[in-house]
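As the structure lists them, so they are numbered: ligands from 1, and atoms in each ligand from 1.
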Amino acid sequence: MEHTSYIELSRSALQNNFEYLKQTVGDSCAISHVVKGNAYGHGIDTYVPLAYDLGARHFSTFDAQEALEVHKVTNGTTTIMIMGMITNHQLQWAVENEIHFFVFEMDRLQKAMETARKVGKKAHVHIELETGMNRTGFEKNNWQNLRDFIKDHSEYIELEAFCTHYAGAENIANFIRVRDQYKRFKEGIKYMNKGGLRAKALHSACSAATIRFPKSRMDLVRIGILQYGFWPSMETYITTVQPQNMEHEDPLRRVISWKSQVMSIKQVKQGDFIGYGNSYLATSNMKVASVPVGYSHGFSRSLSNQGRVLVRGQRMSVIGIVNMNVMMLDVTELENVEKGDEVVLIGNQGDMSISVSSFSDYSDQLNYELLTRLPHDIPRIIVS
Ligand SMILES: *Cc1c(COP(=O)(O)O)cnc(C)c1O
């Protein structure tokens, strides 16, 4: 079945981003490619094999289901790390397939140990320490228990890493909190080491921390948004790319494009309302194009009367309310516009470009949110 829109992933853009990341973190630091949220909307099934082809050998997911998808498309040839949810039931699959997973409470550690004993293989655990995010992680008052338990069960537990996660490294307003987290993480590691417990690696940095706080990189960085060619925030972009130098170009390239086509064109008379209700009034005679993409396809309703897309190399405005499956554009200025013309929702056309972030500015959504809302069933194809 043909879909009403499709997504392109650019191989050369991804290669560029990988090179930038490698150059940034250096040889002594590994990169885990975070592919939760269906690879930030890029599609695990398409994105992961492409990333693998370009050298990626470590992937992070939120849950076990995503890990299973990554495992399928990589045939067990990469390290896969689950950073969030895994049920006791899924633990067995994880241990059998040497999937790494975060452990942030004693209950899971106990179950991991029991599962490893049952399966006859070690559990590959990354121990998450609570340092101030207050989401998941072992509290300080548990550290002694934790240390003793791991030491007592080293036969079943492979201590891959100590890790933590910062509460908003993309925003300087959180600097003190992030700095304190870094200190507490160091303190935790020191405590463990003193008691004779060492992990194979340490990791704490997401994209923003990797860029802003080089010390947070340690042995491995968990990179999500940057690999796809987006900055975690405007602030990280500006502080990294140095706007004093106006010629300094963005070192990242957007991997994703999202395209559809003109479904139909009609003339509307001055004084008529366009679309549902009366949110858009034609103040002159107009030509209107409908595009078969709406909020059910991930084009947010909050882009009503605000969104911009590209047709025939020019920016066109979304007019009226974005419907479930359709949006409308004012194409009055486009003389030769035809049914079937390409419509770019994200990406380039001619010299023009629509980025997810400009999109997000209009709708007040973060890059992260808009990307991950792109439905799973839109076809993803790889282009050069
Ligand atoms: C999502 C996530 C990351 C990656 O975040 P980016 O900002 O996209 O780089 C890293 N670590 C953890 C624990 C995460 O949940």
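- Within the 4.0 Å heavy-atom criterion, the part of His165 lying near ligand 1 is the side chain and not the backbone.
- Between Phe162 and His203, the ring center distance fails the sub-6.0 Å criterion.
- The six-membered or imidazole ring of His126 lies away from that of Phe101, with a centre-to-centre distance of 6.0 Å or more.
- Under a 4.0 Å criterion applied to the non-hydrogen atoms of Ile225, ligand 1 contributes the atoms 6 (P), 8 (O), 9 (O).
- Counting only heavy atoms of the protein, atom 11 (N) of ligand 1 lies nearest to Arg222 NE, 2.9 Å.
- A donor-acceptor contact closer than 3.5 angstrom links the side chains of Gln181 and Thr131.
- Some N or O of Gly224 is nearer than 3.5 Å to an N or O of ligand 1, by distance alone.
- A salt bridge links Glu235 with Arg212; the closest basic N to acidic carboxylate O contact falls under 4.0 Å.
- Closest to atom 7 (O) of ligand 1 among all protein heavy atoms lies Tyr368 OH, 2.8 Å.
- Remark: the backbone N or O of Pro251 is not paired with any side-chain donor or acceptor of Arg253 at under 3.5 angstrom.
- For Tyr228 and Tyr47, the ring centers are positioned less than 6.0 Å apart.
- Counting protein heavy atoms only, atom 15 (O) of ligand 1 is closest to Lys36 NZ, 2.6 Å.
- Proximity to Tyr40 (heavy-atom distance under 4.0 Å) selects the following atoms of ligand 1: 1 (C), 4 (C), 5 (O), 6 (P), 8 (O).
- At the top of the distance list for atom 9 (O) of ligand 1, counting protein heavy atoms only, stands Ser207 OG, 2.5 Å.
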